[in-house]
Amino acid sequence: MFVRLSRYFMPVLKETPGEAQVISHQLMLRAAMIRQTAAGIYAWLPLGKRVLANIERIVREEQDRAGAIEVLMPTIQGADLWRQSGRYDAYGPEMLRITDRHDREMLFSPTAEELFTAIFQAGAKSYRDLPRNLYQIQWKFRDEVRPRFGVLRGREFLMKDAYSFDADFAGARHSYNRMFIAYMRTFQRMGLNAIPMQADTGPIGGDLSHEFIVLAPTGESDVFYHENWLRPRDTDGVNADDAAALAGFIDGLNADYAATDEKRDLAAETACGAALKQSKGIEVGQVFYFGDKYTAPLGVTVPGPDGAPITPLMGSYGIGVSRLVGAIIEACHDDAGIVWPDAVAPFRVALINLRADDGTCTAACEKLYADFAAAGVDVLYDDRDERGGAKFATADLIGLPWQVIVGPKGLAAGVVELKRRATGERIEVPIAEVVSRI
RNA sequence: CGGGGAGUGGCGCAGUCUGGUAGCGCAUCUGCUUUGGGAGCAGAGGGCCGCAGGUUCGAAUCCUGUCUCCCCGACCA
């Protein structure tokens, strides 16, 4: 996408609003990514929307690659299904309940096990329809008592939720492992080192679960892990279709201790010795196995090969898509602003015209702008009539990976300046080479 | 939900104790000068002080109620 800042909608803030405490929240407000409309509820402005879309895209590609199938469920659901599973009462005031004009009880979905299970039941005719994994990327609502930290803990949030259905435990375990490796790849592509940790299963229930945790001082969870986790893991060579190989790989990963405080294992920590690390972390994903917790009460069965009914065994797999925006900023920023990883940046290049009133500068910028567009490089062209300092500050704040700086001094020598946001490194490059350098 | 804090131009704040008709910085608009890291000068616009009652000659300020937001804790993707 190619945008001129003078025609865009990007109301950045010079000062930090008092409502924001953590750095990602402050930067998202200042960089014009979001605006709060109520406690824990945010409007997404153009820049934030683009980052959200990039994260969504990566999540979707890795889900598809893992064999999951995308659907879209409604946000508003009837109460009946939730009564059958017993969760209508169990979920408590966190569930936002709504009554329609006919006094029917409705709710804004906080998660979707019931609906996915019911939809699967209606469509699955036999054991040949197993295994399947269905997912969606959809807004959820949980009426948190105390929303905080911006999108890290909002009430309305965008989540990828997947649900696997298998005929037996071995199959369910493989489905779980496929999501596990997909999550490793997903977070790596976003520039994050998310550590899978033994986790509590929480109100969803079940007996096998990992949380994927990004280390950050502002995280809400206390986490404990072997220092081996500090280096990223290579997942490229893993064949996710080979159940035994995949299980072996994941067992190898999990041989290094990592647990949230609810699941601490003091014996394992002692074994780590000096390699044991403790810090705070942000949960960006969680995978669960929970067997027939929903299929049994909802009466879901399919005929097996011998005609006898099989009750599918399920797992569910969440990724906090909107939370990831905040988590990435927590992990990727400096004093001047956000430092986007390439894969999620809202634009790849900030094209900075230092003298919008100078015909030579503007002509050179227009040429570069067109060249970037032709090359398919997302560029945000700062064509405003502002001084250089203001443009540099804005570009650093919004954190695009590259800045192309066009000024009269450089143009006189036939060069522009190329700055890498992450390192601050700046080099002079002949105008004709700029596009190919990026 | 327990405890604490705060609502005053778009943003950040002062004024509230000791009532007298609203101010500062930034931002915005106009003009001139400037132009490689958030420019300078001059001028201008913009606020029924969260809302509703009450006390008073007079309320941002005092009283009552109410809504909202933030922080700590408990709780959560």
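In what follows, every chain begins at residue 1, and chains take the letters A, B, ... in the order their sequences are listed.
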With a 4.0 Å cut-off on heavy atoms, is A:K160 in touch with a base, just the backbone sugar-phosphate, or nothing at all? nothing
Remember a base hit wins even if backbone is also touched, and classify A:R30 as base, sugar-phosphate or nothing at under 4.0 Å, heavy atoms. base
Rounded distance in Å - CG (A:D385) to P (B:U33): 13 Å
Taking the P atom in each of B:C24 and B:U18, what is the distance between them to the nearest angstrom? 26 Å
I'd like to know if A:R426 reaches the base of B:G37 with its side chain such that a donor and an acceptor end up less than 3.5 angstrom apart. yes
For B:U56 and B:G9, measure between their P atoms and round to the nearest Å. 30 Å
What's A:A20 touching, base or sugar-phosphate or nothing? Going by heavy atoms closer than 4.0 Å. nothing
Pairing check on B:C76: which nucleotide meets the Watson-Crick or G-U wobble criteria with it, both distances under 3.5 Å? none
Can you tell me, in whole Å, how much space there is between the P of B:G25 and that of B:C69? 32 Å
Do we get A:R97 above A:Y88's six-membered ring, with its NZ or CZ under 6.0 Å from the centre and within 45° of the axis? yes
Answer yes or no: does a side-chain N or O of A:K14 lie under 4.0 Å from OP1 or OP2 of B:G38? no
Under 3.5 Å donor-acceptor pair, A:T394 side-chain atoms to B:G38 base atoms: yes
Which residues pass the salt bridge (charged side-chain N to carboxylate O under 4.0 Å, His left out) test with A:D358, sequence neighbours left out? none
Positions of residues 318-342 of chain A (non-hydrogen atom under 4.0 Å from RNA chain B), listed by number: A:R323
Complementary nucleotide for B:U35 - Watson-Crick or wobble, under 3.5 Å: none
Within the 4.0 Å heavy-atom criterion, would you say A:G154 contacts the bases, only the backbone, or no part of the nucleic acid? base
Taking the six-membered ring of A:F347 as reference, does the cationic atom of A:R50 (NZ for Lys, CZ for Arg) lie under 6.0 Å from its centre and within 45° of its axis? yes
Under 4.0 angstrom between A:Q36 side-chain N/O and B:C70 OP1 or OP2: yes
When you compare B:G47 with B:G40, how far apart are their C1' atoms, in angstrom units rounded to a whole number? 28 Å
Reckon A:R146 has a side-chain N or O less than 4.0 Å from the OP1 or OP2 of B:C75? no
Centroid distance under 5.5 Å and plane angle under 30°, A:F392 vs B:G36: no
Do A:W340 side-chain atoms and A:I398 backbone N/O form a donor-acceptor pair below 3.5 Å? yes
Taking any heavy-atom pair under 4.0 Å as a contact, classify A:E15: base, sugar-phosphate, or nothing. base
